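This report concerns only the one structure given below.
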Amino acid sequence: MTEKSIQSPTSHLQPSITACTTLVGVIGWPVEHSLSPAMHNAAFVALGLDWAYVPLPVYPDHLGEAVRGLRALGFAGANVTVPHKQAVLAHLDDISQAAQVIGAVNTIAVRDGLLYGDNTDATGFLASLHDVGFDPAGTYCAVLGAGGAARAVAHALAEAGARQVRIYNRTLARARDLCREMAKFHGDVRFESGSPDDLAAIGDDTDLLVNTTSVGMWPDTEVSPWPRDLPIPGQLTVCDLVYNPPETLFLSQARVVGAETVGGLGMLVHQGAVAFELWTGRPAPLAIMRAACLEALQGQDAPYRPRRQV
Ligand code: NAP
């Protein structure tokens, strides 16, 4: 079956599991709202692979046992999500340079019995920017938030040659810490910190604005990390990492001023695609993975409805 021959809906793309099936999964707490099982299982079936992806709810106290268990149970790997992305580092044999700089692992591959940790969020984020033709090389970027996702975004932008990355966070000390840490790894990039009160200073000199906070995420879809009474500069490319809903209030604020917008679903699919390729060695069927995510979102108790106006 080819990617082109698959039409939405994708919910029929469910693997059948036997003793020979290669398993991967997602370790988190909780994991029931993860879109990754639907996304990866659709991809496995579409490519005719005898693989299956299972949700693995793991309570924090049991993280080490669960990660070691991947090896014992013959898993090919796993994704790692909240709240384990940082803590999992202590349980791995080796990690990628990206995971080291970001300080978090979201993908484990089991290779020759060893547990290798990587972080595919940075690559996934850059790929979502490339989808709209945005190249961070030489650009001035503003990042809202200083949590785990902001670390991946700041590293990605620096790796891609951004000239300046300004990080604005509600807790200013966290933004300062992130700037300090990133500057250690990326000496040629100017990192600056600010608070949300400084957002009005974002003007014509900025190329990219990225929301990495969880503000606007379901069920709080009527709030935005950007002040309602402050127009977003229209020349910006504006990206929201929140993918539920796919069209956030923040993206609507950007759209009305004519800014180019990038939703979080692109990063979700691309980070999943990089993990898929790490595990299987096969090119990921991006269109199917995206369709499966959208369909899974619609099926959740937080159904996605297109936003009409700001
Ligand atoms: P996190 O580590 O908990 O960080 C949360 C960030 O949001 C912090 O900077 C926090 O500020 C800020 N924040 C939270 N509530 C806020 C509020 N009411 N007002 C202002 N700032 C607020 O979370 P994360 O792992 O970075 O994830 C952040 C978002 O990115 C989530 O929505 C997640 O789903 C999304 N994400 C998407 C992808 C993707 O593939 N699209 C990948 C990763 C993450 P303080 O420091 O002041 O608390």
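Remember, it's a predicted structure, so these values are computed and weren't measured experimentally. All residue numbers in this chain count up from 1 along the given sequence. Note that ligands are numbered from 1 as they come in the structure, with each ligand's atoms numbered from 1 the same way. Basis for what follows: all heavy atoms, side chains included, without hydrogens, waters or symmetry-related copies.
- When hydrogens are left out, the protein atom nearest atom 23 (O) of ligand 1 is Gly148 N, 4.6 Å; that is the closest non-hydrogen contact.
- The nearest heavy-atom contact from the protein to atom 47 (O) of ligand 1 is Thr171 OG1, 2.5 Å.
- From the protein, the heavy atom lying nearest to atom 26 (O) of ligand 1 is Ala149 N, 2.8 Å.
- Ligand 1 has a nitrogen or oxygen under 3.5 angstrom from a nitrogen or oxygen of Leu268.
- Proximity to Thr212 (heavy-atom distance under 4.0 Å) selects the following atoms of ligand 1: 28 (C), 29 (C), 30 (O).
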Exercise. List the steps, then state whether salt bridge (charged side-chain N to carboxylate O under 4.0 Å, His left out) holds for Lys85 with Asp121.
Key: CA-CA 11 Å; Lys85 282 183 173 186; Asp121 278 340; 3.1 Å; yes
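- No hydrogens or angles considered: a donor-acceptor pair under 3.5 Å links the side chains of Ser224 and Gln253.
- Gln235 CD: more than 12 foreign heavy atoms inside a 6.0 Å radius.
- There is a protein heavy atom less than 4.0 angstrom from atom 2 (O) of ligand 1.
- Of the protein's non-hydrogen atoms, the one nearest atom 17 (C) of ligand 1 is Arg170 NH1, 3.2 Å.
- Applying the 4.0 Å criterion to heavy atoms of Gly145 picks out, from ligand 1, the atoms 9 (O).
- In the vicinity of Ala146, heavy-atom distances shorter than 4.0 Å reach the ligand 1 atoms 9 (O).
- Close contacts of ligand 1 with Val215, meaning ligand atoms under 4.0 Å from a residue heavy atom, involve 16 (C), 17 (C), 18 (N), 19 (N), 20 (C), 21 (N), 22 (C).
- With no hydrogens or angles considered, no side-chain donor-acceptor pair links Tyr168 and Asp197 at under 3.5 Å.
- Residue Tyr243 has no N or O atom closer than 3.5 Å to an N or O atom of ligand 1.
- Contact atoms of ligand 1 toward Arg174: 8 (C), 45 (P), 46 (O), 48 (O) (distance under 4.0 Å to a heavy atom of the residue).
- The closest side-chain donor-acceptor pair between Asp207 and Thr139, if any, does not fall under 3.5 angstrom.
- Here the rule is side chain to side chain contact (heavy atoms under 4.5 Å, CB included) with Leu241, and of Leu144, Asn211, Val210, Thr213 only Val210 fits it.
- Considering backbone and side-chain N/O atoms, Gly264 comes within less than 3.5 Å of an N/O atom of ligand 1.
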Quiz item: Taking it one step at a time, do Thr280 and Thr22 satisfy side-chain contact (heavy atoms from CB on, under 4.5 Å)?
Solution: CA-CA 10 Å; Thr280 66; Thr22 303; over 6 Å; no
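- Checked against a 6.0 Å centroid threshold, the rings of His270 and His130 do not count as neighbours.
- What sits closest to atom 37 (C) of ligand 1 on the protein, heavy atoms only, is Leu241 O, 3.2 Å.
- Annotation for ligand 1: atoms under 4.0 Å from non-hydrogen atoms of Val242 are 32 (O).
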Quiz item: So Arg174 and Asp177, salt bridge (charged side-chain N to carboxylate O under 4.0 Å, His left out) or not? Walk me through it.
Solution: CA-CA 5 Å; Arg174 261 186 118 185; Asp177 289 349; over 6 Å; no
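- In summary, the side chains of Gln164 and Arg166 do present a donor paired with an acceptor at a separation below 3.5 Å, with no hydrogens or angles considered.
- Aromatic pair Trp51/His40: ring centres not closer than 6.0 Å.
- Gly147 CA, 3.5 Å is the protein heavy atom nearest to atom 4 (O) of ligand 1.
- An N or O contact shorter than 3.5 Å is missing between Lys85 and ligand 1 by distance.
- Residue-ligand proximity: Gly124 is placed with every non-hydrogen atom at 4.0 Å or more from ligand 1.
- Scanning the protein for heavy atoms near atom 14 (C) of ligand 1, the closest one is Ser214 OG, 3.5 Å.
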Quiz item: What do the steps show when you test Thr107 against Asp118 for side-chain hydrogen bond (donor to acceptor under 3.5 Å, both in side chains), and what is the final call?
Solution: CA-CA 5 Å; Thr107 304; Asp118 201 354; over 6 Å; no
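- The closest protein non-hydrogen atom to atom 6 (C) of ligand 1 is Thr213 CA, 4.0 Å.
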